[in-house]
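Both backbone and side-chain heavy atoms feed into the values below; hydrogens, waters and symmetry mates do not.
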Amino acid sequence: MAEVIGNISREENATSPSATDTGAMEKAFKTLAYGVIVFFSVIGNSLIIAAFKLNTSGKLRTVNNMFIVSMAAADLLMTLGSIPERITRILVNDQWIIGGNAGIFFCRTTNFVEKLCVNVTILHLVMIATDRFLVVFYPRRKLITSKRALRMIVITWFASAGYCVPLFYYANLLESDGKLFCKTRYFFQNWRVWYLIFLSLLLTSLLLVVILYSAIAIQLCRSKTPGERPSLKSRNCTRLNNRVLKMVAMVLLAFYCCFLPYWMGWILCSWSKIICNNTYTFISILLMYANSAVNPIIYSFFNEYFQVAFRLIFTNMIQHCLCCKKKRGLLGEARSSDNTSERISANIIKRQSILDQLLYVMLGVTVNAVPLLPVVYIFLRVQFLPLTF
């Protein structure tokens, strides 16, 4: 990979983000805020993926949950691939600390991963809305099967990656006054065209989602016949659909509330300087990443099957930890018995005949082996019995 580092003068650098030092308290607050997001995002999205993988209730392998798990993977990738870079830039005043080809590669990767995950999430929201629309309007026909959903997910990831390739290609390191900065738009001359396409995708997806959910709401209102008492199966199906619809609606609301300030900042800071300052930039970016931590909370709140899976996972984790702790305690007792019996055997061996020595050796082996039996039993249980965790 060729190393291409641009240079700009002091006048040109006036348009770049300010690199002035910020106070230690401000840095600590920003780092703590990102740290909280990383904590909840990693744990929450990992639990979502693990719950889907285990499928303890047997009811998590649905098309809707396949889309949700793919979104959780995108949130997890965005958290681990971008937030560490954001924290580092806070601590070193927005500078890029890695130079050379490695620095260029990481600069390109962080930009690529961030925008890739955003595009994947947008397209997944459209697919979830489409799936809910088909379920409500065609309840007797399963138009989106698990295999079709998997194909849709794979195509979405590859299409989003292809669309974000220019960001990976043009992102580079910019040198100013002996300091390095990771920049994309400075080297990407047609970035406005790319972003206009992105805005068109965003607005089109939002309009499509609003139309689909409006149609769903109208259809649900029409399906309620006054005076008619639905069957128990119909009531359970309706209750489940309502919970799923509420969950998806909350995911949509959280997504656009978290990302709207960031997109507005892109527009206003690119064509004008109305609200372009460090405070607004930090808040808008923080809200964008906070969406990755909010989504798992929404999933678990509205989906009782995820709640059951989470409880089982935590229960198995606690039992596993207690089993390991008990195992270590038994090993400690066994070692203590070893030392005690060895001392007793050594003192007696000196005073006994060869026959007595053999007898006490056998006794020592027996004394040492008895405490080890529970340890061996626990070891065999852990190694060979299937665990649900």
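- Without hydrogens or angle criteria, R132 side chain to N64 main chain gives no donor-acceptor distance under 3.5 Å.
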For this session: Decide salt bridge (Lys or Arg N to Asp or Glu O under 4.0 Å) for K30 and E26; before the verdict, give the C-alpha distance in whole Å, the side-chain angles of both, and the deciding distance to 0.1 Å.
Result: CA-CA 6 Å; K30 291 180 178 180; E26 182 179 352; 3.0 Å; yes
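- Closest non-hydrogen pair, N295 versus D75, comes out as ND2-OD2, 3.1 Å.
- A single hydrophobic cluster is not seen to contain both V209 and I211; linkage of ILVMFWY side chains at heavy-atom distances under 4.5 Å, directly or through other members, places them apart.
- A donor-acceptor pair is defined here as one N or O able to donate and one able to accept, closer than 3.5 Å; no such pair exists between the side chain of N65 and the backbone of R61.
- Of the candidates L116, I122, V120, T121, V118 forms a side-chain contact (heavy atoms from CB on, under 4.5 Å) with just one, namely I122.
- Every side-chain hydrogen bond (donor to acceptor under 3.5 Å, both in side chains) that T184 has, sequence neighbours left out, goes to N111.
- For F314 and F310, the ring centers sit 6.0 Å or farther from each other.
- Between the side chains of S41 and S292, no donor-acceptor pair is found at a separation under 3.5 Å.
- Annotation for F137: atom CZ counts as buried by contact number, over 12 foreign heavy atoms lying within 6.0 Å.
- Atom OG1 in T88 sits 11.5 Å away from atom CD1 in I83 (nearest 0.5 Å).
- Annotation: side chain of F188 is not in contact with side chain of K183 (no heavy-atom distance under 4.5 Å).
- Ring geometry for F198 versus W194: interplanar angle under 30°, hence parallel rather than tilted (30 to 60°).
- Here CZ of R89 is found 7.0 Å from CD1 of I285. Values are rounded to the nearest 0.5 Å.
- A distance-only check finds no donor-acceptor pair linking the side chain of R86 to the backbone of Y34 [under 3.5 Å].
- In this structure, the side chain of D177 does not engage the main chain of K179 through any donor-acceptor pair within 3.5 Å.
- Side-chain heavy atoms closer than 4.5 Å link hydrophobic residues (I, L, V, M, F, W, Y) into clusters, and following such links, even through other members, never connects V165 to Y195.
- A donor-acceptor pair under 3.5 Å is formed between the side chain of S284 and the backbone N or O of T281.
- For the residue pair Y299 / Q307, no side-chain donor-acceptor distance below 3.5 Å is found, with atom types taken as modelled.
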For this session: For the pair R148 and V63, evaluate side-chain contact (heavy atoms from CB on, under 4.5 Å) and give the outcome as yes or no after the intermediate values.
Result: CA-CA 9 Å; R148 291 176 181 174; V63 171; over 6 Å; no
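- In this structure, F133 is a member of the same hydrophobic cluster as V210, with clusters built from ILVMFWY side-chain heavy atoms closer than 4.5 Å.
- Panel note: side chain Y170, backbone Q189; no donor-acceptor pair is recorded below 3.5 Å.
- Distance alone, capped at 3.5 Å, is enough to place a donor-acceptor pair between the R108 side chain and the A171 backbone.
- No donor-acceptor pair under 3.5 Å is formed between the side chain of D131 and the backbone N or O of M127.
- Interatomic distance, CD1 of I128 versus OH of Y213, reported as 7.0 Å (0.5 Å rounding).
- Among residue pairs with one or both ends in residues 150-162, those qualifying as side chain to side chain donor-acceptor pair (under 3.5 Å) are S70-W157; sequence neighbours excluded.
- With sequence neighbours excluded, the residues satisfying disulfide bond (SG atoms under 2.5 Å apart) with C182 are C107.
- With a 6.0 Å radius and a threshold of 12 heavy atoms from other residues, nucleotides or ligands, F259 has its CZ atom above the threshold.
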For this session: Check step by step if side-chain contact (heavy atoms from CB on, under 4.5 Å) holds for L123 and L201.
Result: CA-CA 9 Å; L123 295 177; L201 172 65; 3.9 Å; yes
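- For I313 against A51, the heavy-atom pair with the smallest separation is CD1-N, 4.0 Å.
- Put simply, the side chain of Y280 reaches to within 4.5 Å of the side chain of M264, judged on heavy atoms.
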